[in-house]
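The structure appears below as structure tokens.
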Amino acid sequence: MTDLAHLLLFAGRTARLEDLTRQFRERGNPVDPGTAVLLLTLVAAVVLVAWAIVSFMEFRDRSCAASRPWLLLWSLSRAHGLRLPEIWFLWRLARYQQLTDPALLFLDPERLNAEHAERLGGVELLEPIRARLFAGLEDDDD
């Protein structure tokens with residue numbers, strides 16, 4: 001009984017496929033120009049939407065903080081809980097040291113030295129920043 005049901009289902013599918021492909025098999029019935037234009041418009045719209053999605057994703061990747069050093073400085077500063085005057089001081093310090101990647105200030109405690117802070121007028125900001133960024137590090141100068 002199940003073989004008969006499968007045969008009937010297959011016959012029904014075949015009949016539907018016959019109806020769909022009949023237009024392409026019959027030489028005397030060309031494709032309507034309106035249908036061809038509609039099909040081309042749909043294909044162009046799909047390509048345009050795919051291009052827009054890819055462009056948007058690339059834009060998001062380019063605007064990521066890791067690809068822009070100054071945005072990375074801002075993100076790291078906010079993550080460490082620094083206030084705006086402290087962030088401004090770090091920005092000026094990175095510019096003073098001519099760093100192309102200001103995130104180095106977060107990696108090297110030697111970059112936050114008192115001499116640079118005095119020249120930039122941020123001595124009072126230096127110690128709180130050092131304490132926040134490098135808490136738990138011991139001096140190995142002994």
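Q97 is listed as a side-chain neighbour of L105, based on a closest heavy-atom distance under 4.5 Å. No side-chain heavy atom of L82 sits less than 4.5 Å from a side-chain heavy atom of F89. With a 4.5 Å cut-off on side-chain heavy atoms, P128 and E86 count as touching. Side-chain contact check for I129 versus H80: every heavy-atom pair is 4.5 Å or farther apart. A 4.5 Å side-chain heavy-atom check between L72 and P102 finds every atom pair outside the cut-off.
One distance of note links CG of L73 with CG of D101; it measures 9.5 Å at 0.5 Å rounding. Summarising the geometry, atom OG1 belonging to T41 is positioned 12.0 Å from atom CG belonging to L48; distances are rounded to the nearest 0.5 Å. To the nearest 0.5 Å, atoms OG1 (T35) and CG (L38) are separated by 7.0 Å.
With hydrophobic clusters built from ILVMFWY side chains whose heavy atoms lie under 4.5 angstrom apart, L84 shares a cluster with W91. No path of Ile, Leu, Val, Met, Phe, Trp and Tyr side chains, each step under 4.5 Å between heavy atoms, connects V49 with V46, placing them in separate hydrophobic clusters.
With a 6.0 Å radius and a threshold of 12 heavy atoms from other residues, nucleotides or ligands, R132 has its CZ atom above the threshold.
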